[in-house]
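First the structure, in the form of structure tokens, and then the observations on it.
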Amino acid sequence: MNNAELQAYLEEHSRVIDTFRAKGLDYQNEKNQKRQPAKRWNENKVDRAVDKMVAEFIASIQVKMAFNIRGEHAKEYQTWLTFIEQNEVVEGLEESVNEMAFEY
């Protein structure tokens with residue numbers, strides 16, 4: 001499962017990406033307000049920063065799961081789905097993201 005497939009799966013089966021994105025947007029907006037007025041980012045730049053945060057979040061999840069999914073079936077999509085379900089990955093991510101706080 002690549003990053004795009006993982007993101008699509010998470011978006012379809014949970015709100016973890018939406019929750020992470022909302023927290024990331026709050027963080028980036030707060031960070032932006034602390035910049036000098038002349039150096040503040042426009043909305044598009046803030047959105048790109050949030051998109052980058054989401055991409056890094058997805059990549060991190062994918063790498064951690066790939067470390068645990070090995071063997072001859074590691075490239076099969078179904079193997080990933082089985083791992084996600086058996087290890088309650090979605091539930092764990094939702095709990096972690098709900099408790100997550102970015103440092104300002």
Side-chain angles (χ1 to χ4, degrees):
M1 182 177 282
N2 63 34
N3 291 351
E5 292 170 331
L6 178 58
Q7 183 169 350
Y9 178 86
L10 291 174
E11 287 173 344
E12 185 176 328
H13 294 91
S14 75
R15 296 200 29 85
V16 71
I17 301 296
D18 293 334
T19 304
F20 183 88
R21 184 177 298 280
K23 288 185 175 209
L25 183 59
D26 289 344
Y27 168 73
Q28 289 294 342
N29 281 327
E30 181 74 26
K31 190 174 169 183
N32 197 35
Q33 288 302 312
K34 292 181 179 180
R35 291 186 177 96
Q36 296 296 322
K39 297 190 179 206
R40 287 193 185 140
W41 293 354
N42 64 32
E43 186 176 331
N44 289 334
K45 193 164 184 175
V46 171
D47 288 341
R48 285 193 306 271
V50 173
D51 290 343
K52 183 178 178 185
M53 290 173 70
V54 170
E56 290 171 354
F57 175 65
I58 296 296
S60 173
I61 296 165
Q62 197 275 346
V63 166
K64 289 175 184 170
M65 286 182 14
F67 181 78
N68 291 296
I69 301 173
R70 300 185 194 161
E72 62 186 77
H73 302 290
K75 299 226 183 266
E76 295 177 13
Y77 189 81
Q78 187 58 48
T79 302
W80 285 75
L81 293 181
T82 301
F83 179 85
I84 289 169
E85 291 170 9
Q86 287 179 347
N87 293 284
E88 300 178 348
V89 171
V90 172
E91 294 82 358
L93 285 172
E94 287 175 344
E95 185 177 321
S96 294
V97 170
N98 284 332
E99 294 174 1
M100 177 185 291
F102 292 105
E103 299 289 322
Y104 293 102

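Position 1 is the first residue of the sequence, and the numbers go up from there.
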| Does K23 reach the main-chain N or O of V97 with its side chain, forming a donor-acceptor pair under 3.5 Å? | yes
| field | Test item: Q33 and N29 side chains (from C-beta on) under 4.5 Å apart, heavy atoms | value | no
| message | With heavy-atom distances below 4.5 Å as the criterion, would you say the side chains of L10 and I58 are in contact? | response | yes
| Between L25 and V46, which heavy-atom pair has the shortest distance, and what is it? | CD1-CG1, 3.9 Å
| field | Side chains of Q28 and W41 in contact at under 4.5 Å (non-hydrogen atoms) | value | yes
| What's the spacing between L81 CG and E5 CD if we round to 0.5 Å? | 9.5 Å
| task | Please report the closest heavy-atom contact between M53 and G24, naming both atoms and the distance. | result | CE-CA, 3.8 Å
| query | Is Y9 close to V90 at the side-chain level, that is, under 4.5 Å between some pair of heavy atoms? | reply | yes
| remark: So OG1 of T19 and CG of L93: to nearest 0.5 Å the spacing works out to 11.0 Å
| message | Less than 6.0 angstrom separating the ring centers of F20 and Y27, yes or no? | response | no
| message | Let me confirm one number: the CD1-CD1 distance from I84 to I61, rounded to the nearest 0.5 Å. | response | 9.5 Å
| task | Can you see which heavy atom on T79 is nearest to which on H73, and at what distance? | result | OG1-O, 2.8 Å
| query | Is the backbone of Q78 close enough, under 3.5 Å, to the side chain of T82 for a donor and an acceptor to pair up by distance? | reply | yes
| query | Can you tell me how far CD of E85 sits from CD of E91, rounded to the nearest 0.5 angstrom? | reply | 9.5 Å
| query | At what distance, to the nearest 0.5 angstrom, does CD1 of I17 lie from CD of E94? | reply | 10.5 Å
| request: Without swapping roles, check the side chain of W80 against the backbone of K75 for a donor-acceptor pair under 3.5 Å. | output: no
| M65 versus V89, closest heavy-atom pair with distance | SD-CG1, 3.8 Å
| Value rounded to 0.5 Å, distance of CD in E56 from CG in N3 | 11.0 Å
| said: Tell me if the CZ atom of R21 is crowded by more than 12 foreign heavy atoms within 6.0 Å. | reply: yes
